[in-house]
Protein chains: 2
Amino acid sequence: MNQSKNTVCDVTVIHEDVVKKVKNELPHSQEVKKCASLFKILGDHTRFKIITTLLKEEMCVCDISYLLDMSQSLISHQLRVLRDARLVKHRREGKVVYYSLDDSHIEKIVKYGFDHIKESSE
Amino acid sequence: MNQSKNTVCDVTVIHEDVVKKVKNELPHSQEVKKCASLFKILGDHTRFKIITTLLKEEMCVCDISYLLDMSQSLISHQLRVLRDARLVKHRREGKVVYYSLDDSHIEKIVKYGFDHIKESSE
DNA sequence: GTTACATATGAACAATCATTCATATGAGGT
DNA sequence: ACCTCATATGAATGATTGTTCATATGTAAC
C-alpha cells in the first residue's frame, strides 16, 4: 500500500507539471474502482460467452447451458455474478427462468471490444 | 469440459429454434476468447488505473508510480502485461521510458465503461 | 401430500494471478 | 573503467476466483 524503501519514485518526480495536470483530470477513485470491476466481470471466458449468447435473444438457463456445452451449475453460478453486477436481468415463467441483458451500454462495450480485436490481429 | 451426468441440459433442450438461431449468429470462438482476455486485462485495478493516467498524456514509469502511489516494480510488471496485450506502446528517451495508449478503441471502451457506472449507480 | 423438472447455492478444490523482494539490464555521466 | 538513475524481470508468496459435486429451492402436475 505505502511506498517501500526500494521505490525510486518517492524521491524523484521527473515531470511535476504533467503529474499535477493528470492528477487533476483523473476520474474519481470510486468510479475507477467500479469501472475496473465491471471489466473484470466481463473478463471471464464463461461469463463473456454467456453475454454473447444474450446479445440478440433472451434465453433460459438450460438453453445457455446446452448451447455453450457447460454444466447447468456453472452457468447458474456465473449468471448470479452477472445479476449482482446488474449486467443481466431475469424473469420467471413457471419453472423456467429467462435471462437477458440489462443495459444497452454492455452491447456497445462488447462491440468496441471486438473492434479492437479485429484491428490488432493482423 | 464435457457434460457431467448431473447436467439436465444434455437431454432437454427447451427452445430448439432459439438455440439454433443464436448458435448461427454467435461470434467466432477465437474472437470471443481474445475479447474476453482484453476485458480481463482491463479488469485489474492497478492496470485500469494506469490506463486512466494515460488517457490524456504520455507518462514515464516513475511518474505513474508516484501518481498512483505504487511501487515501481508493480507498475513495470503491469505495464508489461499491457504492452503484451498491445494496449500501450513505449518509447525510450535516454534512461526514461514513456508509455502511452496504443489504440483509440481503448478510450471508447473505457468511456462506455464509465457511462455504465454513472447510469446504474442511483 | 408426492414426483419430476428447472434453477440456485454452499462448500471444497484447483488454478490463476497480483504483489513484493531482490536483482538485473540499459543508458548517461565522470 | 566506474557510479548513479530509470526501468525491467525472475522467483516466491498470498489471495482471489473459476469450476465441480452434492444438495436445496421453487414450481407445476398428479
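Note on naming: letters A, B, ... go to the chains in the order of the sequence lines (proteins, then strands), and numbering restarts at 1 for each one. Only a predicted model underlies this, so the values are computations on that prediction, with no experimental measurement involved.
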Legend entry - Euclidean distance, atom CG of residue A/L79 to atom C1' of D/dT19 [Å, nearest integer]: 15 Å
Legend entry - Short side-chain N/O contact from B/K40 to OP1 or OP2 of C/dC17, under 4.0 Å: yes
Inset, instruction - Using a strict cut-off of less than 4.0 Å between a Lys/Arg side-chain nitrogen and an Asp/Glu carboxylate oxygen, indicate whether B/D115 and B/K111 qualify as a salt bridge. - result: yes
Inset, instruction - Using whole Å, report how far CD1 of B/I75 lies from P of C/dA18. - result: 13 Å
Legend entry - Distance, rounded to the nearest Å, where A/H45 contributes NE2 and C/dT16 contributes C1': 12 Å
Inset, instruction - Mind calculating the distance between CD (B/Q72) and P (D/dC5) to the nearest angstrom? - result: 14 Å
Legend entry - B/K56 and A/V22, any side-chain heavy atoms less than 4.5 Å apart: no
Legend entry - Minimum-distance nucleotide to B/R80 side chain [options: C/dA18, D/dT9, D/dT16]: D/dT9
Inset, instruction - May I ask whether A/I14 and A/V19 are part of the same hydrophobic cluster, defined by side-chain heavy atoms of I, L, V, M, F, W, Y residues being less than 4.5 angstrom apart, directly or through others? - result: no
Legend entry - Between C1' of D/dA6 and NE2 of B/H90, the distance in whole Å: 13 Å
Legend entry - Donor/acceptor link under 3.5 angstrom from A/S73 side chain onto base of C/dT9: yes
Collect all protein-nucleotide pairs involving nucleotides 24-30 of chain C in which both atoms are nitrogen or oxygen and the distance is under 3.5 Å.
none

Legend entry - Pair of N/O donor and acceptor under 3.5 Å linking C/dT19 base with B/T46 side chain: no
Inset, instruction - Name the nucleic acid region contacted by A/Y98, choosing base, sugar-phosphate or nothing; use a 4.0 angstrom heavy-atom cut-off, strictly under. - result: nothing
Inset, instruction - Return the 5'-most residue of the pair A/Q78, B/V97 with respect to DNA chain D, ranking by each residue's nearest nucleotide. - result: B/V97
Inset, instruction - Compare the aromatic ring of A/H77 with the six-membered base ring of C/dT9 and state whether they stack according to the 5.5 Å and 30° rule. - result: yes
Legend entry - Contacts of A/Y112 that satisfy side chain to side chain donor-acceptor pair (under 3.5 Å) - sequence neighbours left out: none
Inset, instruction - Any ring-ring contact (aromatic ring centres under 6.0 Å, His included) involving residues 67-91 of chain B? Give me the pairs, sequence neighbours left out, ordered by first then second residue. - result: B/H90-B/Y99
Inset, instruction - Provide, to the nearest angstrom, the distance between the CD1 atom belonging to B/I50 and the C1' atom belonging to C/dA18. - result: 12 Å
Legend entry - Test: A/E16 and A/K20 ion pair at under 4.0 Å: no
Inset, instruction - To the nearest 0.5 angstrom, please state how far the NZ atom of A/K33 sits from the CD1 atom of B/I117. - result: 13.0 Å
Inset, instruction - For the side chain of B/S76, starting at C-beta, report the closest nucleotide among C/dT7, D/dT19, D/dT9. - result: D/dT9
Inset, instruction - Give the rounded distance in Å between these two atoms: CE of A/M70 and C1' of C/dT7. - result: 18 Å
Inset, instruction - Let me know the distance between CG of A/D69 and P of D/dT19, rounded to the nearest Å. - result: 13 Å
